[in-house]
Amino acid sequence: MASSAALTTTHLPRLRQELEEWRAKQPSSQPFSKPLETIQTRLDEHKYKTERGKDVIVAFRTRPPLEHEAEQKFNISTEGSKNAQGVADLVDDGESKQELEFCSGVSVTSADPGVFVAHVPGMKWSGPTLTHKKFDSDIAFGPNVPNDEVYERTVVASDIIPLALANGTACILAYGQTGTGKTYTMEALEYRIARDLFVAAKKIGDDLLEAERKAAPDVPAGGGDDSDETTIKEGGVFEFSVTFLELLGKRVVDLLEPIEGLPLDEQGNPIRKEVPVSEDKNGDVRPRVNSRTIESAEHLRELVSSALSYRRVEATTRNATSSRSHALLHIRIKNKLLPFAQDGQLILVDLAGSERYEDSKAHDKKRMLESRENNNSLMHLKECVRAKAKMAQEDGFVHIPWRANKLTMLLKPVFDVESRQPSKTLIIAHVSPHIQDSAHSVSTLSYASPFKTSPPKPRGPPPYNAADPRTWDHIRTTEWLTTQFTKAAKARRAHAYKLKAQDAAKKGKKLPSLDDDAPVELAVDVEKLCPPGMTARNFGGMYSIEFVQRCLEAKNPNAGKEVTTSVVKNIGGDVIAELTYAILVAKTKSRREIMKSRKVVNADETYGDSPWNTVPGTDIPKPEVGTPDYELFIRYTPDQYLIAAQRQRALWDDRITQALIKNHGSQAQKDKNTVKFETVMELMDEFYEKVYGPGGANTSEQ
Ligand SMILES: Nc1ncnc2c1ncn2[C@@H]1O[C@H](COP(=O)(O)OP(=O)(O)OP(=O)(O)O)[C@@H](O)[C@H]1O
């Protein structure tokens, strides 16, 4: 039996009455301000392009009470205790079972913007008290809001899917006390995302093909040959691949690893291999796990269902099928029109339930340790999201400690201060509807509420830095590669000359001296090795063996017989090693600078606050309305646009050269760079007329 000073179930009627009095004084709850929209409407009306929205969106959700839950909840503890907020827990006094009906612990006073009020019971000498703590979010869902509406008001309304298709990083996190409905929400969102991802990909893909067609009508989409275009049209513009990881305590495992032949633990679960998590040379965190290519919504749904069935589930005092781990579903999206642009990413995270000490007391030692690790990673996640939210509001630089934990490492695309990809994070904080859980609800809501941030500043690709290969564009990359392969060819020539000179000396002869400036044939065709759009960042993401393989495929047929496969392999290996070293040095230096400049650097310098008359993050002028480039500019992100424009420029160069040869004879090819500006302009006008008909360019902004 509880002590008389403890707050017990006998006090429930009094608490319920206080709650009624409080409710009577409240104005009526603010409903949702916007009508529901499907993804089709947002795509058809191009809203996903015009409404930028927030960087971090916070949603609150509470579920309805489940059958017999109210009684069960009082069987949890038998001793009074105080939680971190100094709030007494409700304890069953064992005498008032008939009173144990549901008593609400949370009210939604506004749906949009979201406001939840947690009703927190307390105990004073004069009797029980009820305090009402208000928490703000962007949107709030009461117990009767169905999954379809949650999906449409969060994922659809924030254009999470179109953002990922436009090479952005979109992340959804389900957070909350164990048993509050995280898995219920995440599974529903995952299935709906699987359904809509392919619908959106078709619509956006068709739009992009149309823009590419307008920008260069007689060039196959993707800049390759006709067969490439047919493949892209038939298979769609986007390619999807999926990984599914589980973080259990400190162990990361691959849920897509085939389970045949794996040993089983005492509960019959397969024991999977631990997956190492670390940063690669480019600074990306990409654990080496099974990645599946998906071709349809059904395929994605099947994959999610089967992976989820392997997730560790165990009964806790709060939830009969509690997930003991964090589950990370990671969908990568490649745009086949821009194969060298960074991939779009959609990361869906069902976090393990947060548990208080009282909830985990009944666990065995192993489970206690896991629970501690889970809470630990949730603490780190909180630190990171808070820092990210703070960074959006403060001018000073804020350090985001994402390297401190495996969960936040796996979420690096969301927290990377150097990343300039557009990004959105949706966090859905789940709370229990019961007053018995109010203390935990307060901690969940106060965890999630500060994630609310102001809209982000415009970002673009990182500014050019000669010492940082990650910032080089295609031209700079080809120049560098040409220099490296030229150095290697000259070194080989010098070596061969030395041997010949020694031979000649033995015979008493003297060779004429070597002209180091004479042109050399390179071991590879650099144009083929690095086609338009490809940059040093792409090479930095390759394993050395992949780079060497590319070099072999791009072997220069004029390089001479002595440039054998093993010579190409050696040279390729040296070049990629040099590039990797340069990236590592640049990365370490920029990290050090970021750390040094903590709280000093203006956030604008970190993120680039470009005026809108240039491509964000660069000095490159925004293309004029009506030019073919403009079509690309409005459809792609700044990063993608630069690559697409780069490819267009290469195509234009070819066309102008051919037209010059036709009009001015073959000498013109040599003189291309010195040809009169007016001639080039005439050719460009001709081209515009061909694209847009007589009168030239005339397209309107969408
Ligand atoms: N909005 C809702 N409407 C109806 N039932 C719900 C709702 N949300 C959750 N539930 C039910 O509540 C129970 C617990 O939900 P769920 O397993 O999703 O919680 P959880 O937060 O993922 O728990 P854990 O962290 O322990 O895995 C389930 O039986 C689920 O069906």
Side-chain angles (χ1 to χ4, degrees), residues 59-73 76 102 104-108 111 114 116 139-155 172-192 246-249 255 267 269 304-305 307-329 348-356 358-363 367-368 370-378 381 407 427-434 436-437 440-441 443-445 447-448:
F60 292 158
R61 188 176 196 192
T62 183
R63 61 168 172 77
L66 307 176
E67 222 182 325
H68 306 305
E69 202 182 16
E71 295 111 80
Q72 286 160 10
K73 280 197 169 281
I76 293 164
F102 169 66
S104 176
V106 64
S107 304
V108 188
F116 261 24
I139 196 151
F141 300 106
N144 301 320
V145 181
N147 279 332
D148 270 326
E149 184 161 355
V150 171
Y151 172 70
E152 281 171 17
R153 295 201 182 277
T154 54
V155 178
I172 306 178
L173 300 161
Y175 173 76
Q177 181 187 359
T178 182
T180 49
K182 297 180 295 299
T183 307
Y184 183 87
T185 305
M186 275 319 265
E187 278 192 32
L189 297 188
E190 279 161 5
Y191 288 141
R192 283 161 182 78
E246 182 183 42
L247 175 57
L248 181 68
L255 287 179
Q267 280 120 31
N269 293 313
V304 171
S305 299
L308 283 178
S309 68
Y310 293 127
R311 197 175 162 201
R312 296 298 173 91
V313 165
E314 200 167 89
T316 63
T317 38
R318 304 264 172 192
N319 185 4
T321 56
S322 173
S323 319
R324 292 155 54 197
S325 58
H326 307 297
L328 290 95
L329 171 68
L348 308 174
V349 191
D350 182 3
L351 294 164
S354 56
E355 286 181 308
R356 293 190 305 144
E358 289 72 36
D359 305 333
S360 61
K361 274 197 298 204
H363 299 332
R367 179 81 180 85
M368 285 260 268
E370 273 170 14
S371 176
R372 193 185 308 158
E373 277 307 326
N374 284 341
N375 281 346
N376 207 0
S377 49
L378 291 172
L381 177 67
L407 175 66
I427 172 149
I428 310 180
H430 294 76
V431 293
S432 153
H434 298 272
Q436 295 89 319
D437 289 321
H440 206 135
S441 301
S443 106
T444 299
L445 297 172
Y447 180 106

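Note that this is a predicted model, so its numbers are computed, not measured. In each ligand, atom 1 is the first atom listed, and ligand 1 is the first ligand listed.
- The two residues Gly176 and Lys182 make their nearest non-hydrogen contact at O-NZ, 3.2 Å.
- Around atom 22 (O) of ligand 1, the closest heavy atom drawn from Asn147, Leu66, Thr183 belongs to Thr183.
- Of the N or O atoms in Asp350, none lie within a sub-3.5 Å distance of an N or O in ligand 1.
- Side-chain N/O atoms of Ser432 and His440 include no donor and acceptor closer than 3.5 Å.
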message: Assess the residue pair Ile428 and Leu189 against the criterion (side-chain contact (heavy atoms from CB on, under 4.5 Å)); give the C-alpha distance rounded to whole Å, side-chain angles, the decisive distance to 0.1 Å, and a yes or no.
response: CA-CA 11 Å; Ile428 310 180; Leu189 297 188; 3.8 Å; yes
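- The two residues Thr62 and Val431 make their nearest non-hydrogen contact at OG1-O, 3.1 Å.
- Every atom of ligand 1 is numbered from 1 in the order shown, and the set under 4.0 Å from a heavy atom of Lys182 is 18 (O), 19 (O), 20 (P), 21 (O), 22 (O), 23 (O), 24 (P), 25 (O).
- Using a non-hydrogen distance threshold of 4.0 Å, Gly179 registers as a contact of ligand 1.
- Note on ligand 1: Arg61 sits in its first shell, one or more heavy atoms being nearer than 4.0 Å.
- Numbered from 1 in the order shown, with element, the atoms of ligand 1 that lie under 4.0 Å from a heavy atom of Gly353 read 25 (O).
- Contact annotation: the side chain of Thr154 approaches that of Phe141 to within less than 4.5 Å [non-hydrogen atoms, C-beta and beyond].
- Below 30°, between 30° and 60°, or above 60°: for Phe60 and Phe116 the angle between ring planes is between 30° and 60°, a tilted geometry.
- Contacts of Pro64 with ligand 1, taken as heavy-atom pairs under 4.0 Å, involve the side chain alone.
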